[in-house]
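Order of appearance sets the numbers: ligands from 1, and atoms from 1 within every ligand. From a predicted model like this one, the values you see are computed outputs, not experimental measurements.
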Amino acid sequence: MIVRKSPEEIEKMAAAGEIHRRTMKLLEGKVRPGVTTKQLDEAAERFIRSQGAVPSFKGYNGFPGSICASPNSMVVHGIPGPYALEKGDIISLDIGVTYDGWVADGARTFAVGPISAVARKLLDVTERSLHDGVAQARAGNRLGDVSHAIQATVEAEGLSVVRSLVGHGIGRDMHEDPQIPNFGDPGRGPLLEEGMVLAIEPMTTAGRHAVRMGSDGWAIYSQDGSLAAHFEFTVAVTAAGPRILTPWHLDKEQAAA
Ligand code: MG
């Protein structure tokens with residue numbers, strides 16, 4: 001069952017999303033060679049709690065971190081730890097913020113200094129596919145329109161969307177219905193209606209789409225060792241169109257406008 005949110009509830013989710021946006025900006029300023037993923041995790045947790053919010057991932061199904069930090073061929077769910085970023089790495093940071101009982105979820109893959117042409121393309125195309133998916137998150141469309149838009153953008157560039165990991169509805173719970181695959185057919189799936197809030201999150205690789213789980217039982221890697229990227233927004237379907245509630249791509253002035 002897809003839980004629709006009232007305009008007042010969407011405002012509460014946007015408040016969580018603003019804390020999310022500021023957390024991502026904070027981490028963006030810290031991503032550089034030599035920084036450990038544990039240091040990023042600690043900075044995120046400190047900031048989120050300073051805002052009266054809670055890092056949603058901490059303790060979720062036993063997850064030990066406040067954020068997920070997934071370098072290079074790791075797609076998602078990396079446990080922060082002693083790994084120190086190296087020049088040329090890519091690092092996916094996934095943040096969940098719970099504020100006043102509402103959850104905001106979003107992710108972004110960063111370049112650590114100059115990166116390879118393949119990595120640059122993977123990041124640019126995946127971020128673009130997220131925006132293409134968001135553009136389809138309109139009342140009257142179907143969920144498959146979102147999924148298909150992401151897939152079309154990614155595959156047109158010779159990259160792959162991971163099939164076994166999906167986006168999700170979000171609200172009081174981090175994971176609500178519906179599941180949101182990053183591939184599919186337009187015009188299929190649940191009808192999108194005003195008040196639905198979706199965590200749209202293309203997960204992609206520069207190689208093939210198969211993934212494998214790491215030995216810690218959390219980290220998911222591309223099976224072929226190819227680079228992987230992850231970009232995510234929490235998006236509300238509103239009367240005025242899609243509204244990004246975790247606008248980590250905007251600075252403070254843009255987000256307030
Ligand atoms: Mg998510």
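For Glu45, the salt bridge (charged side-chain N to carboxylate O under 4.0 Å, His left out) partners two or more places apart in sequence, or in a different chain, are Arg49, Lys58.
Take the N/O/S atoms of Asp105: the one nearest the Mg ion (ligand 1) is OD2. Atom OE2 is the N, O or S atom of Glu232 at the shortest distance from the Mg ion (ligand 1). The Mg ion (ligand 1) is closest to atom OE2 of Glu201 (considering only N, O or S atoms).
At a threshold of 2.8 Å, the Mg ion (ligand 1) has a backbone or side-chain N, O or S atom of His168 nearer than that distance.
Proximity of the aromatic rings of Phe233 and His249 is defined here by a centroid distance below 6.0 angstrom, and this criterion is met.
Using the six-membered ring where Trp is involved, His175 and His168 have ring planes that are perpendicular, over 60° apart on the 30 and 60° scheme.
Ser222 and Ser73 form no side-chain donor-acceptor contact under 3.5 Å, judged by distance and modelled atom types alone.
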